[in-house]
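First comes the structure, then the notes that go with it.
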Protein chains: 2
Amino acid sequence: MTIRDVAKSAGVSYQTVSRALNDKGEIDGTTKQRVLDAARELGYRPSRFARGLVRQDSTSIGLVIPDLMNPFFTEVASAALVAARRRDWHVVVYDTADDPAQEQRTLAVIGSQVDAIVGYLSLPDDVIDRHTTGLPVVHIGRSTSGAHTTAIHVDGEEGIHAAVAHFARTGRHRIGMLDHEDRHGPSLRRTWFQNAMTNHDLKGTVVAAGQSIDGGQRAMVTILDTQPKLDALLTYNDVIAIGAMRTARHLGRRIPEDLAVIGFDGLHIGTMVEPPLSSVWIDTQKLGTTAIDQVEHLLAGEDPEPVTIRASLLLRGSA
Amino acid sequence: MTIRDVAKSAGVSYQTVSRALNDKGEIDGTTKQRVLDAARELGYRPSRFARGLVRQDSTSIGLVIPDLMNPFFTEVASAALVAARRRDWHVVVYDTADDPAQEQRTLAVIGSQVDAIVGYLSLPDDVIDRHTTGLPVVHIGRSTSGAHTTAIHVDGEEGIHAAVAHFARTGRHRIGMLDHEDRHGPSLRRTWFQNAMTNHDLKGTVVAAGQSIDGGQRAMVTILDTQPKLDALLTYNDVIAIGAMRTARHLGRRIPEDLAVIGFDGLHIGTMVEPPLSSVWIDTQKLGTTAIDQVEHLLAGEDPEPVTIRASLLLRGSA
DNA sequence: TTGAAAGCGCTACCAC
DNA sequence: GTGGTAGCGCTTTCAA
């Protein structure tokens with residue numbers, strides 16, 4: 001089913017069909033209608049490839065996310081979609097399920113579908129490079145490598161320092177942290193935490209937690225076992241914090257009276273729990289928007305500086 | 001920057017470049033390496049359009065969602081992404097922000113980007129048809145119209161009947177509902193609710209609520225004003241329920257003792273609140289997966305029957 | 001207003 | 001193993 005079939009059916013040349021379909025001026029009204037009718041009749045649809053080939057417009061961006069079900073990434077994706085729409089760009093979303101094999105498969109096919117990539121990549125530089133030569137890439141939360149590439153960093157240091165300072169100021173000194181169970185060792189957030197603690201001449205207990213409500217619940221049991229008098233808690237992210245708060249309450253701790261809790265991410269869902277979750281807040285809106293901005297620069301052939309998004313303390317109720 | 005530039009740079013014909021790039025057999029190892037090096041050097045990248053035009057493979061699906069930040073749609077989208085990946089399909093996501101104008105713009109451009117559409121469309125049939133002739137469409141939660149089209153319906157009737165029956169069985173008789181503030185009048189869910197109430201010879205109070213935590217909070221104030229002795233509440237969705245629970249508690253109601261609450265959707269986030277939210281559960285996993293299945297049928301030229309997903313009562317703690 | 005011809009960048013099928 | 005030629009479906013000149 002091509003443009004020629006429509007032409008035949010309408011009794012005109014295929015160029016005329018093109019004119020009718022693209023609403024060009026130079027065409028007789030009756031002819032145009034006849035062509036349009038024929039096209040509708042046949043259920044004709046122009047090939048997006050042929051059209052894209054000759055028109056050379058229409059940009060699409062590949063958005064690579066580790067887990068759409070994690071509200072943090074949903075917020076980023078949502079902001080990116082809005083920013084892309086403003087430019088009439090299309091966004092192809094890939095969820096790698098936080099799995100290197102899936103990420104590899106994504107990388108292998110994404111190149112033939114999009115004009116640029118933005119998102120969270122975790123494979124080694126050389127693997128990424130091999131699949132993305134010539135393709136602009138905006139990395140989030142990871143340093144950059146090679147040409148046509150830039151990065152957006154999330155700096156939580158100030159935010160976490162503010163959180164620890166808040167704990168100290170409100171008389172909390174038995175402070176713990178529930179970190180991420182990471183294959184790559186202790187997280188940056190944990191380092192920031194420990195630096196902040198050192199600044200206050202404090203030493204904190206750190207326990208690893210799975211990145212889920214359940215992970216938070218389990219880790220909370222562990223940390224309270226080690227340190228029953230814990231009076232303040234920072235977590236790797238909000239989801240862990242929510243799980244931790246639930247368990248803490250079941251174990252008889254009032255929040256924030258007995259135990260102050262501060263999460264990380266500052267998600268909207270933090271307002272849904274009781275008390276509302278205080279958190280080191282990342283502006284996901286800005287993160288997603290900036291990512292698309294950076295793509296635009298890359299696409300324009302520029303070599304933009306990496307951008308840093310700074311997290312800040314957002315007090316809601318749990319601390 | 002085309003394949004010919006690479007050919008020139010490597011000193012071969014452009015067909016040979018194609019062979020090298022596509023890993024075809026019939027090529028000398030040295031030549032191949034030379035071509036690959038030249039390509040890398042130049043940052044060459046094959047045109048996805050030219051390639052798609054001649055290869056005629058690679059399918060991409062347009063997923064149209066009213067609001068990615070609503071966890072319900074996130075769950076559906078997530079499932080659809082998984083199902084699409086299994087078939088090596090690419091998914092282009094469009095968030096219409098629940099806005100007819102944005103939906104219209106989406107429809108206008110989506111046709112030249114994807115091979116099929118699946119999702120939530122709210123414009124009138126004729127508008128949709130005009131933009132999607134020849135394009136397969138899988139509608140979710142809406143009846144179908146025209147060829148190359150099918151639908152997936154969500155039937156919450158049984159689930160809501162079960163919810164009301166549960167209320168009645170546990171001795172609750174002052175039952176209210178927080179419905180969706182809809183431009184199109186009372187929702188289907190409200191009709192189901194009222195039918196169920198009639199079955200039990202009960203009459204419920206219904207109040208409209210905005211689709212957000214805040215909407216739920218406000219509507220809760222209103223309904224308790226009208227009916228201070230309310231002892232059971234059904235809501236249009238889980239987000240509204242969560243807002244309602246918060247306000248109810250602030251107004252001195254214990255949940256579920258004084259007020260039993262059942263939401264609708266059965267979202268994961270319902271487990272994050274205290275007490276965990278009971279809900280009429282929709283299998284979003286199945287919904288997303290089935291949607292992609294239906295696309296596959298449509299793409300194969302079949303004319304699949306509409307599918308119905310039945311919601312069921314999921315008791316967690318709030319009722 | 002319409003038709004003919006060129007060409008977008010690529011792969012595939014021939015020859016050589 | 002390599003180059004020539006055709007052609008994917010379309011838009012866009014250029015003539016008629």
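Naming convention: chains lettered A, B, ... in sequence-line order (proteins, then strands); numbering from 1 in each chain.
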Could you tell me the separation between the CD atom of A:Gln56 and the P atom of C:dC10, rounded to a whole number of Å? 10 Å
Restricting to side chain to side chain contact (heavy atoms under 4.5 Å, CB included), what partner residues turn up for B:Glu296, sequence neighbours left out? B:Arg87, B:Trp89
Are any protein N/O atoms closer than 3.5 Å to N/O atoms in nucleotides 10-13 of chain D? If there are, list each pair with its distance.
residue, atom, partner, partner atom, Å
D:dC10, OP1, A:Tyr44, OH, 2.3
D:dC10, OP1, A:Ser47, N, 3.2
D:dC10, OP2, A:Ile3, N, 2.5
D:dC10, N4, A:Arg4, NH2, 3.4
D:dT11, OP1, A:Asn22, OD1, 3.2
D:dT11, OP1, A:Asn22, ND2, 3.0
D:dT11, OP1, A:Arg51, NE, 2.9
D:dT11, OP1, A:Arg51, NH2, 3.0
D:dT11, OP2, A:Ser18, OG, 2.8
D:dT11, OP2, A:Asn22, ND2, 3.4
D:dT12, OP2, A:Lys24, NZ, 3.3

When the distance from CZ of B:Arg48 to C1' of C:dT11 is rounded to whole Å, what number comes out? 18 Å
Restricting to side chain to side chain contact (heavy atoms under 4.5 Å, CB included), what partner residues turn up for A:Thr150, sequence neighbours left out? A:Val138, A:Gln294, A:Leu298, A:Pro304, A:Pro306
Please name all residues satisfying side chain to side chain contact (heavy atoms under 4.5 Å, CB included) with A:Asp37, sequence neighbours left out, ordered by chain then number. A:Gln33
I need the full list of salt bridge (charged side-chain N to carboxylate O under 4.0 Å, His left out) pairs touching residues 105-120 of chain B, with sequence neighbours left out, sorted by first then second residue. A:Arg48-B:Asp115, A:Asp88-B:Arg105
Want to settle it: does A:Leu53 or B:Lys32 sit nearer the 5' end of DNA chain D, counting the closest nucleotide to each? B:Lys32
Assess whether a salt bridge exists between A:Asp28 and A:Lys32, defined as any Lys/Arg side-chain N lying under 4.0 Å from an Asp/Glu carboxylate O. no
Does a side-chain N or O from B:Thr31 land closer than 4.0 Å to OP1 or OP2 of D:dG1, or not? no
What I want to find out is whether B:Arg142 reaches B:Asp125 closely enough, with some N-O distance under 4.0 Å, to be called a salt bridge. yes
Within the structure, does a side-chain N or O atom of A:Ser13 lie under 4.0 Å from either OP1 or OP2 of C:dT2? no
Nearest whole angstrom, please: distance from the P of C:dT11 to the CD1 of B:Ile27. 12 Å
Take A:Ser18 and A:Ile3 through the side chain to side chain contact (heavy atoms under 4.5 Å, CB included) test and state the conclusion after the steps. CA-CA 7 Å; A:Ser18 173; A:Ile3 199 174; 3.9 Å; yes
Please check if any side-chain donor atom of B:His90 sits under 3.5 Å from a side-chain acceptor atom of A:Tyr94, or the reverse. yes
Give the angle between the helix axes at the two ends of the helix from C:dT1-D:dA16 to C:dC16-D:dG1, taking five base pairs at each end and rounding to 10°. 40°
Nearest whole Å is fine: how far is C:dT1 C1' from A:Gln33 CD? 17 Å
